2 protein chains.
Amino acid sequence: MPIWTYIWFMARAATTSDAFNAVAEPQRRRILVLLKGHERSVNELARALRITQPRTSKHLRVLREVGLVRVREAGQQRLYGLDARGLEPMHEWVIGFEQYWNENFDRLNEYVKKLQQKEHADGKRR
Amino acid sequence: MPIWTYIWFMARAATTSDAFNAVAEPQRRRILVLLKGHERSVNELARALRITQPRTSKHLRVLREVGLVRVREAGQQRLYGLDARGLEPMHEWVIGFEQYWNENFDRLNEYVKKLQQKEHADGKRR
DNA sequence: TTGACACATGCCGATATGGACATATATTTG
DNA sequence: CAAATATATGTCCATATCGGCATGTGTCAA
């Protein structure tokens with residue numbers, strides 16, 4: 001039996017499959033922002049985000065599994081720290097579009113005009 | 001009844017809720033890449049991605065709803081074009097972490113050394 | 001008008017999700 | 001040792017997802 005038989009039902013990629021998925025959740029993005037510069041304990045994060053502790057722990061678990069955060073044991077606390085290296089691929093991907101969202105109106109208008117001309121030139125092609 | 005009662009069951013944010021979610025799906029990222037520079041028809045995209053046409057159409061719908069692509073009718077075809085402006089917020093967010101993944105080895109080593117020292121100082125805790 | 005083509009959408013099924021809540025585990029303190 | 005504290009995890013629930021497949025709609029050409 002071929003492999004794809006088993007992976008047929010892949011309703012949606014797991015949040016732990018990569019940084020893109022992990023970071024799609026707003027609370028997790030907020031956590032990463034809070035972790036800039038210094039470590040924080042779970043309760044500290046929960047209070048800052050105004051969400052429950054289990055909820056915070058679960059989000060941290062996802063971030064841990066994709067390697068965006070590290071944990072350090074400190075007594076009864078777990079101090080979470082940022083490991084932003086996993087975000088670089090996202091940056092690489094998105095920066096590849098910079099020239100397109102920066103297209104100024106002149107170029108955009110020119111582009112549209114060109115399209116219209118082409119449409120005209122083609123006439124009723126095909 | 002308070003509003004949160006109705007939004008209690010938010011299993012997972014809709015893929016159409018923002019660019020972050022829309023772009024979490026690999027095929028949709030590939031579509032956007034294929035759309036750099038020029039428009040493409042649905043079948044063209046389907047062939048390039050080697051996926052079925054309905055599947056392609058569904059991904060395009062998501063991208064359309066978050067405003068990352070535009071459609072233009074051309075006879076019986078629909079030509080999809082990139083509208084990358086919606087990616088700028090993603091870039092803004094991720095670029096805020098650049099200094100952290102760029103932390104050079106000196107600082108990283110220093111950090112690790114500090115951790116080890118602390119661990120040592122703690123003795124054989126636990 | 002009819003057939004061919006391009007595309008969108010509806011239905012079905014299995015899945016992982018995120019939240020609330022309760023509970024388990026481990027550490028510190030008295 | 002017991003209570004308190006910090007954290008992780010398991011269960012339950014409603015949902016949206018993505019994939020395949022079938023079908024509907026619209027356009028073009030003969």
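In what follows, chains are A, B, ... by sequence order, proteins preceding strands, each numbered from 1. Note that this is a predicted model, so its numbers are computed, not measured.
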Q.
Does B/Tyr80 form a side chain to side chain contact (heavy atoms under 4.5 Å, CB included) with B/Leu63? I'd like the steps, not just the answer.
A. CA-CA 10 Å; B/Tyr80 280 82; B/Leu63 292 173; over 6 Å; no
**Q.** Verify same cluster id: B/Phe97, A/Val62 (apolar side-chain graph, 4.5 Å)
**A.** no
Q. Does A/Ser57 put a side-chain nitrogen or oxygen below 4.0 Å from OP1 or OP2 of D/dT7?
A. no
Q: Return the residues of residues 15-31 of chain B meeting this criterion: a heavy atom under 4.0 Å from some atom of DNA chain C. Order them by number, or give none.
A: none
Q: Look at A/Glu65 together with A/Arg61 and state whether they make a salt bridge at an N to O cut-off of under 4.0 Å.
A: yes
**Q.** A/Lys36 to B/Tyr100, cation-pi by 6.0 Å centre distance and 45° axis angle
**A.** no
Q: Answer with yes or no whether B/Gln76 presents, from its side chain, a donor or acceptor under 3.5 Å of a partner atom in the base of C/dC5.
A: yes
Q. Do any side-chain nitrogens or oxygens of B/Arg55 fall under 4.0 Å of OP1 or OP2 in D/dG19?
A. yes
Q: Measure the shortest side-chain to side-chain distance between B/Leu82 and B/Leu32 over non-hydrogen atoms and say whether it is less than 4.5 angstrom.
A: yes
Q | Length of the line joining B/Arg78:CZ and D/dT27:C1', which is rounded to integer Å | A | 9 Å
Q.
Please list, in numerical order, the residues of residues 58-67 of chain B that have a heavy atom closer than 4.0 Å to any atom of DNA chain C.
A. B/Lys58, B/Arg61
Q) Which heavy atom of A/Phe20 sits nearest a heavy atom of B/Met90, and at what distance? A) CE2-CE, 4.3 Å
Q. B/Leu45 CG to C/dC7 P: how many Å, rounded?
A. 9 Å
Q. Under 3.5 Å, is there a donor-acceptor pair between the side chain of B/Arg28 and the main chain of B/Ala22?
A. yes
Q. Quick one: is A/Tyr80 getting a side-chain N or O under 4.0 Å of the D/dA8 phosphate, OP1 or OP2?
A. yes
Q: Could you check how far CD of B/Glu73 sits from P of D/dT27, rounded to whole Å?
A: 7 Å
Q | Closest contact, heavy atoms only, B/Ala19 versus B/Leu68 | A | CB-CD1, 4.3 Å
Q: Report yes if the side chains of B/Trp101 and A/Asp83 come closer than 4.5 Å at any heavy-atom pair, otherwise no.
A: no
Q | A/Thr52 side, atom OG1; A/Lys58 side, atom NZ - distance, nearest 0.5 Å | A | 8.5 Å
**Q.** Donor-acceptor contact present, side-chain B/Gln77 to main-chain B/Leu79, <3.5 Å
**A.** no
Dump every N/O contact between nucleotides 22-25 of chain C and the protein below 3.5 Å, one line per pair.
none

Q. Want to settle it: does A/Arg12 or A/Leu79 sit nearer the 5' end of DNA chain D, counting the closest nucleotide to each?
A. A/Leu79
Q: Return the value, rounded to whole Å, for the distance between atom CD of A/Gln77 and atom P of D/dT5.
A: 13 Å
Q: Find the distance B/Ile51:CD1 to D/dC18:P and express it as a whole number of Å.
A: 11 Å
Q) Looking at A/Val42 and A/Thr56, what are the two nearest heavy atoms and their distance? A) O-CG2, 3.9 Å
(Q) Quick check on C/dC5: is either OP1 or OP2 less than 4.0 Å from any side-chain nitrogen or oxygen of B/Asn43? (A) no
Q: With heavy atoms under 4.0 Å as the rule, sort A/Thr56 into base, sugar-phosphate or nothing.
A: nothing
